[in-house]
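Working notes for the structure below.
Below, chains carry the letters A, B, ... as their sequence lines are ordered, and counting in each starts from 1. For clarity, every value in this text was computed on a predicted model and none was experimentally measured.
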Amino acid sequence: MKFRSIKGTKDILPADVAAWQAVERTVRRVMHDFHYREIRTPVFEQTALFSRSIGELTDIVSKEMYTFTDRSSDSITLRPEGTASTLRAYIQNNLGEASPLTKVYYIGPMFRQERPQAGRLRQFHQFGAEALGGQSPALDVEMMLLPLEIYRSLGVEAFSLKINSVGCEKCRPRYKELLKAELMKVYGRLSPESQARVQSNPLRVLDSKEEQDRAATRGIPLLQDHLCEECKKHFQGVTQLLDSLQLKHEVDPRLVRGLDYYTKTAFEITSTALGSQDALAGGGRYDLLVEELGGKPTFGVGFAAGIERLLMVLEKLEKSFVEPGPALYIVALDERSRKWAFTKASEMRKKGIQTEVDYLERSVKAQMRDANRVSAQYVLVVGEQELAAGTGKLKNMQSGAEVGVDLNDIRIG
RNA sequence: GUGGCCAUAGUUCAGUUGGUUAGAACGCCAGGUUGUGGCCCUGGAGGUCGUGGGUUCAAAUCCCACUGGUCACCCCA
């Protein structure tokens, strides 16, 4: 009998953890600098929360959710993204009443039942942020700044930022009708997938990657030219801020994104260092979503970014993260010294000094080899002589130099 | 959901037209130094050749099925 991890899930092994922790540390630091506070929500929710917010017709809801029935026959879903849960928590706990603007971030696992491939797992990890209660374009821009600053801190510069406006409840429905009519004119030239979307989600047809669709929809009127005054002004506010920050960005009038709840700003950050799955982060504004989920009308913007994909970029850029070895490794020669080493190690650890000893009753040579393998900074060898004298020699493993130490007062560095 | 490729030691891989005890490197263990690591030298452990079936005197090698992995499509983080 042999157990394997579930398809599309991966173990994050000790050797990988340094990189993960570096990413997590950076996320927390940057979020903190921008004054976002962490929120931790359950990894599963009522299925309806996701289908309502993300949209019944999206790929995520229609074919990618991990949904099951629990023992009380409620339909439960493992969260496929972080925004829905965050907004549910915001509404449920009346966070909007406590302050007019709520800025939160999250970091954790998400689940989508798709066929795994490079950069796509069934359990993957995202960090993201949401700002609830504000309609300033500054918040939209902040959502782009957050991931970009995190990437910059980690030494990643190779990405591109695409932005668009998908309109609001005033201008989008009008444009949608226009678009449907236009798409019907070229219906026969569209791919089958796009044909199916003409009525249900016409905007997505424009965002199709099929060459056939690109060709068929060339010259079709774009939403950019049909935005209402408010949306146009908002979008200008966003681009002006991006310009004044000297942030390189590209306006992509066809960009839609896979979630239905966006209004006005939508954006995507892709990496030029990745292969087929090159989206590093995405986000946008969702001014109707809180109300849709049963809260008071509340403006909102957010983004989400994939950790595995960021790690892939870091690996491609050959950024390495190593955790330093123990500060002290105590090598013991005999039974009595081993006991002494164990209690001394425990004492050193209490002082906050990372200390390792041998547990396998190995020879001195083997213990030294082990100390070297784990990159111990200092080694203390103790035997009868040292215990009798109360002094020993502390060896610097890098230089090989040894200095005398009082066994009752071991100081490192 | 559809398609391509792959599956041999802990890891990365080699393995001839099917032929007898399946190899290398790295890693691991031990010795060379009866109390000192790395480099070097010597030795050792470690493999149901993914699983099941078939062809054959003979299968890691050929055929079929299954399982798993991987990459791509769609879409997305």
Side-chain angles (χ1 to χ4, degrees), chain A residues 2-10 13 15 54 57-65 79-83 107-128 147 191-194 196-197 201 204 207-211 213 255-259 268-271 274-283 302-313 325 329-334 337 358 360 362-386 392-402:
Chain A
K2 208 165 159 191
F3 291 111
R4 302 194 99 264
S5 57
I6 302 294
K7 184 200 280 285
T9 67
K10 265 206 169 77
L13 300 172
I54 298 166
L57 297 168
T58 59
D59 284 3
I60 293 179
V61 172
S62 63
K63 57 183 198 193
E64 295 169 4
M65 292 209 302
R79 63 180 184 194
E81 55 108 46
T83 300
I107 177 165
M110 306 293 163
F111 307 84
R112 292 183 201 174
Q113 190 165 180
E114 299 180 85
R115 192 79 162 254
Q117 76 184 73
R120 183 162 72 200
L121 291 167
R122 288 183 171 185
Q123 174 175 336
F124 60 105
H125 299 78
Q126 289 187 329
F127 57 87
S191 67
E193 293 79 16
S194 287
R197 283 201 273 258
N201 196 351
R204 281 278 289 291
D207 203 12
S208 168
K209 287 173 188 162
E210 296 282 340
E211 196 40 53
D213 294 326
L255 179 72
V256 176
R257 320 236 60 252
L259 303 94
E268 188 169 81
I269 299 169
T270 56
S271 167
L274 290 182
S276 174
Q277 308 301 318
D278 64 351
L280 270 183
F303 84 92
I307 295 184
E308 282 84 355
R309 288 191 188 171
L310 174 53
L311 289 169
M312 287 171 77
V313 174
Y329 193 117
I330 306 177
V331 170
L333 298 178
D334 52 35
S337 314
D358 171 60
L360 303 179
R362 287 178 278 198
S363 67
V364 179
K365 181 173 179 160
Q367 290 183 57
M368 288 301 295
R369 204 163 34 220
D370 191 47
N372 186 61
R373 183 187 10 244
V374 301
S375 306
Q377 291 161 49
Y378 289 90
V379 164
L380 176 70
V381 179
V382 280
E384 282 177 50
Q385 294 166 29
E386 286 78 4
K393 283 190 176 128
L394 199 58
K395 180 169 186 170
N396 180 322
M397 291 295 276
Q398 189 115 49
S399 65
E402 289 186 317

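Separating the P atom of C6(B) from that of G38(B) is a span of 42 Å, rounded to the nearest Å. Rounded to a whole angstrom, the distance from the C1' atom of A22(B) to that of C64(B) is 25 Å. If you take atom C1' in C5(B) and the same atom in G52(B), they sit 22 Å apart, rounded to whole Å. For the C1' atoms, the distance linking C28(B) with A65(B) amounts to 38 Å, nearest Å. C29(B) and A45(B): their P atoms are spaced 16 Å apart (whole Å). Taking the C1' atom of each, U8(B) and G23(B) are spaced 10 Å apart, rounded to whole Å. For the P atoms, the distance from A72(B) to G27(B) is 32 Å, rounded to whole Å. Separation of the P atoms belonging to G10(B) and C49(B) is 13 Å when rounded to the nearest angstrom.
You won't find any donor-acceptor pair under 3.5 Å spanning the side chain of Arg112(A) and the base of C76(B), going by distance alone. Between the side chain of Glu268(A) and the base of A77(B), no donor-acceptor pair under 3.5 Å is found. Not a single donor-acceptor contact under 3.5 angstrom links the side-chain atoms of Asn372(A) to the base of G38(B). Side-chain N/O atoms of Arg115(A) and base N/O atoms of A72(B) include no donor-acceptor pair closer than 3.5 Å.
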Strand RNA chain B in bracket notation, Watson-Crick/G-U under 3.5 Å with | for pairs to another chain: (((((((..((((.....[...)))).(((((.......))))).....(((((..]....))))))))))))....

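Within 4.0 Å (heavy atoms only), Ala371(A) reaches no atom of the nucleic acid at all. In this structure, Lys7(A) reaches the sugar-phosphate backbone alone: every heavy-atom distance under 4.0 Å involves primed, P, OP1 or OP2 atoms, never a base. Contacts of Glu81(A) with the nucleic acid, taken as non-hydrogen atoms under 4.0 Å apart, are absent. Across all strands shown, Leu259(A) has heavy atoms under 4.0 Å from sugar-phosphate atoms exclusively, and none from any base. Residue contacts shown for Glu402(A) include a base, since a base heavy atom lies under 4.0 Å away. Contact annotation for Gln123(A): no contact, since no heavy-atom pair falls under 4.0 Å across all strands. Backbone-only contact: Leu280(A) has heavy atoms under 4.0 Å from sugar-phosphate atoms and none from a base. Nucleic acid contact class of Gly128(A) (heavy atoms, under 4.0 Å, all strands): none.
Residues Ser363(A) and Met368(A) are not in side-chain contact: their nearest non-hydrogen atoms beyond the backbone lie 4.5 Å or more apart. With a 4.5 Å cut-off on side-chain heavy atoms, Asn201(A) and Leu57(A) do not count as touching.
The 5' end of RNA chain B is approached more closely, in terms of each residue's nearest nucleotide, by Met368(A) than by the other of Gln126(A) and Met368(A). Where Ile6(A) and Gly306(A) each meet RNA chain B at their nearest nucleotide, the meeting point lying more 5' is that of Ile6(A).
Closest heavy-atom contact between Gly8(A) and Pro116(A): CA-CG, 3.8 Å.
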Heavy-atom protein contacts under 4.0 Å, nucleotides 25-35 of chain B, coded B base, S sugar-phosphate only, - none: ---SSS-B--B

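Counting to the nearest Å, the P atom of G38(B) and the CD atom of Gln367(A) are 14 Å from each other.
Lys10(A) has a side-chain polar atom (N or O) that falls below the 4.0 Å cut-off from OP1 or OP2 of U70(B). Put simply, Gln117(A) has no side-chain N or O that comes within less than 4.0 Å of OP1 or OP2 on C71(B).
Of the candidates C76(B), A77(B), C75(B), A77(B) carries the atom nearest the Phe124(A) side chain, counting heavy atoms from C-beta on. Listed nucleotides: U36(B), G69(B), C76(B). Nearest to the side chain of Arg4(A): G69(B).
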Assess the residue pair Asp213(A) and Arg197(A) against the criterion (side-chain contact (heavy atoms from CB on, under 4.5 Å)); give the C-alpha distance rounded to whole Å, side-chain angles, the decisive distance to 0.1 Å, and a yes or no. CA-CA 12 Å; Asp213(A) 294 326; Arg197(A) 283 201 273 258; over 6 Å; no

Under 3.5 Å, which donor-acceptor pairs link side chains of residues 118-126 of chain A to any protein atom two or more places apart or in another chain?
from      : atom 1 : to        : atom 2 : distance (Å)
Arg120(A) : NE     : Arg115(A) : O      : 3.3
Arg120(A) : NH1    : Glu114(A) : OE1    : 3.4
Arg120(A) : NH2    : Arg115(A) : O      : 3.4
Arg120(A) : NH2    : Gln117(A) : OE1    : 3.0
Arg122(A) : NE     : Glu114(A) : O      : 2.7
Arg122(A) : NH2    : Glu114(A) : O      : 3.3
His125(A) : ND1    : Glu308(A) : OE2    : 2.8

